[in-house]
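Structure first, commentary second.
Computation of the quantities below employed the complete heavy-atom set of this structure, encompassing side-chain atoms and omitting hydrogens, waters and symmetry-equivalent molecules.
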Amino acid sequence: MKFMKLGSKPDTFQCDGNFHKYAVSDLDSDVTVNVGEFTFYLHKFPLLSKSNRMQRLVSQASEEKTDEITIPDIPGGHKAFEICAKFSYGITVTLNPNNITSVRCAAEYLEMTEDVDRSNLIYKIEVFLNSGIFRSWKDSIIMLRTTKSLLPWSEDLKLVGRCIDSISAKIMVNPEMFTWSYTNNRKLSGADKIVEYHQENVIPKDWWVEDVCELEIDLFKQVMTAVKCNGRMNNEVVGEALRYYVARWLPESMESSLNKHLVETIVFLLPRVNRAMSYSTCSFLLKLLKVSNLVGADEVVKEDLVENVSLKLHEASVKDLLLHEAELVCRIVDKFMADEKRASEDDRYKEFVLGNGSLMRVGRLIDAYLASNRDLTLSRFIELSELIPESARPIHDGLYKAIDSFLKEHPELTKLEKKRLCGLMNVRKLTSEASTHAAQNERLPLRVVVQVLYFEQLRANHHSPVGSVAASSQSPLVKNTEERTVVVVEEGAKKVELSKKSRGSKSTRSGGGGPKLMPSRSRRIFEKIWPGKGESANKSFEVLSSGSSQSPPAKSSSSSSRRCRRHSVS
């Protein structure tokens, strides 16, 4: 910390302990100056030789036939006045970054200018500011912090602006070219580090952040605005400064003491352009959104945050989303999808977003959120699930897990509600592992279990050396042999045979003729649903392949030897 000493005489000011101060001298004091609670017993000559205002005040007091002067509004109060008075007496005073603002404002108030005396106090302070304070990084910050309590004097004298110019100019300097000290005590996690350390003593790009974050929010805003207006500062570093400032000034127990103005200012300073260039982490933005709701920030501010969160939603975590109400999560997802739709018109941007799997990451995120949030209503669950397009869910395992969790938490659902919930899922997009679980899941409607079994059989036939694909283009058929009962189900333009072994028949070996049978576990469930009646059983059933809630009307076919009925399972 830099300092400057003025004067050479020893200090002769004494205090009696009752807010009275005396300038000890061989001569009795001839003027009394009241500054706030303090009373100074001084001499006219030293004061009049340095201050134009004191000349006028003493003259006015003489006209009123009194030797008492009252100064109620001097900036810096009695401490600043005392330093000015001591300077007038030639007593040694020390100026430093902590007191120079108040002394400069007080000297201006007292009009201690060059037209009264050469090398007066204002002149000496200006020399010290330009040659010392503003050349020092930390001294400039310390001085700027003191200007807040001295407004509007510090603003009118351009002390605030000069401090900000000094600080912002140093921030823009190439770190390799300066030698001043700075604070760097932050312990950043790997995800928060914004500079790679390839060698010892490398100066990080965000070397200035910790010191600047000690400023009060309005001063911090002015510094950050100056830095951003310069246009040469990395927005990633600006985002780091905002994150650190929030962590520095907002306590963990945010409900106890929150600052609306702070939140709104941070949102104003957020650097963002679009989804490809958003320099604040989604976790930080979501926490800031939570705080903005708690402090009652303006709707414009909260809407701005929602927009920013939507730009980074693909980087969010389930834990972050669980901080918020489901209605707000729906708004964020809806904005993300709307932005995705607009961005798809730009081929390059679409390639950037989809090439990195942003859309599918959001799909997985929302499925995990649905599985984790136990407070969702059925309507909100369905609304949020339907916001995710099919292209974001190439596999439905996550959605199945969410549906199963919801069914577990809400056993009171009606059949119609379960049907509506399960209709969100496409069983054809389940992996073998999920299908195996679903086939044995008693919480699922029977219709869904049957669909799962059917598509598992299709998958098994697809991988079998010999498939059972019917070439006929006629209506669905049922074929009966001594060895098996075969259900032919039409799916699109093809007909697929789903086989169910008759009890007592021999298993079809791999590589042999006929279709491949279902795995034993699925077959047991299949037989539980459709119990056989011995080797002579001739019944077969149509398995619906679509997700429709309506079953097609039953049809019948006959032959000269026997009649087989086909039933719809619902």
Show, in sequence, the C-alpha distance, side-chain angles and deciding distance for Arg248 and Glu214, and conclude whether the salt bridge (charged side-chain N to carboxylate O under 4.0 Å, His left out) test is met. CA-CA 8 Å; Arg248 167 68 177 81; Glu214 292 300 314; 3.1 Å; yes
Report the residue from Leu250, Val212, Leu262, Val209 that forms a side-chain contact (heavy atoms from CB on, under 4.5 Å) with Tyr245. Leu262
Assess whether side chain to side chain contact (heavy atoms under 4.5 Å, CB included) is satisfied between Val35 and Phe40, documenting all intermediate values. CA-CA 8 Å; Val35 182; Phe40 293 84; 4.2 Å; yes
Sub-4.5 Å side-chain heavy-atom contact between Leu157 and Arg104: yes
Report yes or no: does His324 contribute a side-chain atom to a donor-acceptor pair with the main-chain N or O of Leu286 at less than 3.5 Å? yes
Run the side-chain hydrogen bond (donor to acceptor under 3.5 Å, both in side chains) test on Asp320 and Ser317 for me, step by step, so that the C-alpha distance in whole Å, both residues' side-chain angles and the decisive distance to 0.1 Å come before the verdict. CA-CA 5 Å; Asp320 293 329; Ser317 67; 2.9 Å; yes
Counting C-beta onward and ignoring hydrogens, is there a side-chain heavy-atom pair between Asn308 and Val267 closer than 4.5 Å? no
Between Asp367 and Leu370 (side chain of the first, backbone of the second, donor and acceptor by atom type, cut-off under 3.5 Å), is there such a pair? no
Answer yes or no: is there a donor N or O on one side and an acceptor on the other, between the side chain of Ser385 and the main chain of Ile382, under 3.5 Å? no
How far apart are the closest heavy atoms of Met112 and Asn120, and which atoms are they? C-ND2, 3.1 Å
Please identify each residue that fulfils salt bridge (charged side-chain N to carboxylate O under 4.0 Å, His left out) with Glu114, with sequence neighbours left out. none
Side-chain ion pair, Glu299 and Lys302, N-O less than 4.0 Å: yes
If only side-chain N and O atoms count, and only distance matters, is there a donor-acceptor pair under 3.5 Å linking Tyr244 with Asp206? no
For Leu215 and Phe220 the tightest heavy-atom approach is CB-N, 4.0 Å
Asp16 (side chain) donor-acceptor with Asn18 (main chain) under 3.5 angstrom: yes
Salt bridge check: are Glu236 and Lys205 linked by an N-O gap of less than 4.0 Å? no
Asn130 and Arg162: side-chain donor and acceptor closer than 3.5 Å? yes
Will you find, in the side chains of His43 and Asp28, an N or O donor that is under 3.5 Å from an N or O acceptor? no
When you compare the side chain of Tyr109 with that of Ile71, does any pair of heavy atoms fall below 4.5 Å? yes
Given Arg331, which partner from the list Glu383, Glu325, Glu303 fulfils the salt bridge (Lys or Arg N to Asp or Glu O under 4.0 Å) test? Glu303
Any side-chain heavy atom of Val333 within less than 4.5 Å of one from Ile366? yes
Please tell me whether Thr147 and Ser154 have a donor and an acceptor in their side chains that are separated by less than 3.5 angstrom. no
Could you tell me whether the side chains of Lys170 and Ser166 share a donor-acceptor contact shorter than 3.5 Å? yes
Quick one: does Asn99's side chain have a donor or acceptor within less than 3.5 Å of a partner on Asn96's backbone? yes
Partners passing side-chain contact (heavy atoms from CB on, under 4.5 Å) against Asn34 (at least two apart in sequence or in another chain): Thr32, Thr39, Glu68, Thr70
Whether the side chain of Trp153 engages the backbone of Ser102 through a donor-acceptor N/O pair (distance < 3.5 Å, no angle test) should be reported. no
Do we get Lys21 above Tyr41's six-membered ring, with its NZ or CZ under 6.0 Å from the centre and within 45° of the axis? no
Test side-chain hydrogen bond (donor to acceptor under 3.5 Å, both in side chains) on Thr377 and Ser379 and set out the steps. CA-CA 5 Å; Thr377 62; Ser379 59; 3.3 Å; yes
Do side-chain atoms of Ser140 reach the backbone of Ile133 as a donor and acceptor pair under 3.5 angstrom? yes
So, are Asp117 and Lys50 salt-bridged, with charged N and O less than 4.0 Å apart? yes
Counting only N and O atoms by type, is there a donor-acceptor contact under 3.5 Å from the side chain of Asp139 to the main-chain atoms of Lys2? yes
Does the Glu111 side chain pair with the main chain of Ser51, one donor and one acceptor, at a distance under 3.5 Å? no
Ignoring hydrogens and angles, tell me if any N or O in the side chain of Ser372 forms a donor-acceptor pair with the backbone of Ala368 under 3.5 Å. yes
List the steps and the verdict of side chain to side chain contact (heavy atoms under 4.5 Å, CB included) for Trp207 and Trp137. CA-CA 12 Å; Trp207 62 268; Trp137 164 253; 3.6 Å; yes
Just do the salt bridge (charged side-chain N to carboxylate O under 4.0 Å, His left out) check on Lys44 and Asp67 with the steps written out, would you? CA-CA 10 Å; Lys44 293 179 182 179; Asp67 60 355; over 6 Å; no
Can the ring centres of Phe13 and Tyr89 be said to be less than 6.0 Å apart? yes
